[in-house]
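Data first, discussion second: the structure below is written as structure tokens.
Model, not experiment: these values are computed from the prediction.
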Amino acid sequence: MQKQDIVLVLDNTVFNIAARISSIDLIQKLQLISGQIVIPECIFTELNTFNLHEEHFKERTQQYIEWIEQKRYSISLCNTRDELIFCQLKTIKNVDIGEADAIAQISKRMEKEGKYFVFCTDDKKCIHALKENYQHINFATSLFLIFLLDIQGLLLSDYETIIKEYIAYKTYPKKQGLKLIKEEYLKASKFYGIFPDKKQLRQKVSVLKSKCRCL
């Protein structure tokens, strides 16, 4: 799959995590693995609200807001949605208005544009609520995006440092956490048609194992 065919649609959860990772600017880096980064109108509104209440990350989130407004780094604001799907999604439990807007926009655009749309979110409850009825939607987490950058050799900063910062704000189930992380790296590898050997995979996951906070 060519980079120009990939469209990443970002949820506010991705911005929240990106603002906390200081060793790289995850949002800026995403232009290296996608042709376009789309921010749905309702998610942009949420981002502005987040910026009002999170003083510690105000500078970083304000930077993201300006990038969206200025259409920098292949980022664009979008309000083209399927209104019927939007209304339906707003009634589903665990799906907020921003997530509903994202899925309604992807549904409207993906068939017409012939691109590979990916909804990037760290809201597990939302993903679970949507997967059954919206199987045509591709989902990805922030960790998946970090892994994509790593596989492409695009993380100029130290991999372990980035993972340490990421894990500082995430927790995983005690028994299944490392398995989920391993599956995420394999999923990212297969996205590019790469199948890492056991040694390489163990090395990548071991970094998270040493840093992982489990519930």
Side-chain angles (χ1 to χ4, degrees), residues 1-37 56-57 60 63-64 73-75 116-128 130-131 135 137-215:
M1 186 179 303
Q2 298 297 313
K3 167 189 163 182
Q4 61 266 25
D5 295 326
I6 300 171
V7 180
L8 300 180
V9 182
L10 304 189
D11 185 20
N12 197 42
T13 54
V14 178
F15 285 108
N16 291 351
I17 289 176
R20 291 167 164 81
I21 299 177
S22 60
S23 54
I24 62 165
D25 196 316
L26 180 61
I27 303 302
Q28 183 180 349
K29 286 282 186 183
L30 294 180
Q31 65 172 321
L32 301 176
I33 57 173
S34 64
Q36 187 180 4
I37 302 166
H56 184 63
F57 307 106
R60 204 78 181 272
Q63 181 183 62
Y64 296 149
Y73 305 115
S74 303
I75 303 174
Y116 188 86
F117 283 79
V118 183
F119 181 39
C120 306
T121 179
D122 288 275
D123 188 337
K124 293 180 181 179
K125 290 183 178 180
C126 169
I127 294 174
H128 181 74
L130 292 172
K131 269 193 170 181
Q135 297 179 3
I137 302 295
N138 304 294
F139 295 94
T141 64
S142 294
L143 186 61
F144 179 86
L145 297 175
I146 291 171
F147 285 161
L148 288 183
L149 290 166
D150 179 62
I151 290 165
Q152 289 283 10
L154 298 171
L155 294 182
L156 298 179
S157 302
D158 181 66
Y159 172 79
E160 185 171 341
T161 301
I162 296 167
I163 294 302
K164 181 179 179 180
E165 289 186 289
Y166 173 82
I167 289 297
Y169 299 99
K170 299 292 290 185
T171 56
Y172 292 89
K174 187 174 183 180
K175 292 184 178 180
Q176 297 181 329
L178 296 176
K179 180 183 177 182
L180 292 172
I181 292 167
K182 180 180 178 180
E183 289 175 350
E184 196 81 334
Y185 198 90
L186 281 171
K187 179 183 173 183
S189 299
K190 291 177 181 178
F191 185 82
Y192 290 125
I194 299 170
F195 298 88
D197 58 40
K198 291 183 179 180
K199 183 179 179 180
Q200 181 186 13
L201 184 60
R202 186 165 56 247
Q203 181 184 26
K204 293 296 181 181
V205 176
S206 67
V207 175
L208 286 103
K209 184 176 180 180
S210 64
K211 307 297 179 185
C212 188
R213 298 185 300 123
C214 295
L215 293 172

Inset, instruction - State the CD-CG distance between Q36 and L30, to the nearest 0.5 angstrom. - result: 13.0 Å
Inset, instruction - Kindly compute the distance separating CG (L148) from CD1 (I33), expressed to the nearest 0.5 Å. - result: 4.5 Å
Inset, instruction - Could you tell me if the ring centre of Y116 sits under 6.0 Å from that of F191? - result: yes
Inset, instruction - Give, for atom CD1 of I17 and atom CG of L26, the distance between the pair rounded to the nearest 0.5 Å. - result: 9.0 Å
Inset, instruction - Give a yes or no answer on whether the side chain of E165 reaches the backbone of S23 with a donor-acceptor pair at less than 3.5 Å. - result: yes
Legend entry - Test item: D158 side-chain N/O and T161 main-chain N/O as donor-acceptor pair under 3.5 Å: yes
Inset, instruction - Going by the side chain to side chain contact (heavy atoms under 4.5 Å, CB included) test, name the single residue among I137, L8, N138, V14 that passes it with F119. - result: I137
Legend entry - Side chains of D123 and T13, donor plus acceptor under 3.5 Å: no
Legend entry - Under 3.5 Å donor-acceptor, K204 side chain and Y185 backbone: no
Inset, instruction - Mind running side-chain contact (heavy atoms from CB on, under 4.5 Å) on L145 and C120 for me, showing each step along the way? - result: CA-CA 8 Å; L145 297 175; C120 306; 4.0 Å; yes
Inset, instruction - Report the C-alpha distance between Y64 and Y73 in whole Å, list the side-chain angles of each, state the deciding distance to 0.1 Å, and finish with yes or no for ring pair (Phe, Tyr, Trp, His ring centres under 6.0 Å). - result: CA-CA 10 Å; Y64 296 149; Y73 305 115; 9.9 Å; no
Inset, instruction - Count the heavy atoms of every other residue, nucleotide or ligand shown that sit under 6.0 Å from NZ of K3, and state whether that count exceeds 12. - result: yes
Inset, instruction - Please test L201 against K198 for side-chain contact (heavy atoms from CB on, under 4.5 Å), starting from the C-alpha separation and ending with a verdict. - result: CA-CA 5 Å; L201 184 60; K198 291 183 179 180; 5.8 Å; no
Legend entry - S34 side chain to I37 backbone, donor-acceptor under 3.5 Å: no
Legend entry - Whether R60 side chain and I21 backbone form a donor-acceptor pair below 3.5 Å: yes
Legend entry - More than 12 heavy atoms of other groups within 6.0 Å of K131 NZ: no
Inset, instruction - Please assess I75 against I27 for the test side-chain contact (heavy atoms from CB on, under 4.5 Å), listing each intermediate value before the final yes or no. - result: CA-CA 9 Å; I75 303 174; I27 303 302; 3.8 Å; yes
Legend entry - Nearest-0.5 Å distance, OG of residue S142 to CG of residue L10: 8.5 Å
Legend entry - Distance in Å, D11 CG paired with C126 SG, rounded so as to fall on 0.5 Å steps: 7.0 Å
Legend entry - I146 and L155, any side-chain heavy atoms less than 4.5 Å apart: yes
Inset, instruction - Please test F147 against I163 for side-chain contact (heavy atoms from CB on, under 4.5 Å), starting from the C-alpha separation and ending with a verdict. - result: CA-CA 10 Å; F147 285 161; I163 294 302; 4.3 Å; yes
Inset, instruction - Decide yes or no for V9 and V118: does some side-chain heavy atom of the first lie under 4.5 Å from some side-chain heavy atom of the second? - result: no
Inset, instruction - State the CZ-CD1 distance between F144 and I151, to the nearest 0.5 angstrom. - result: 7.5 Å
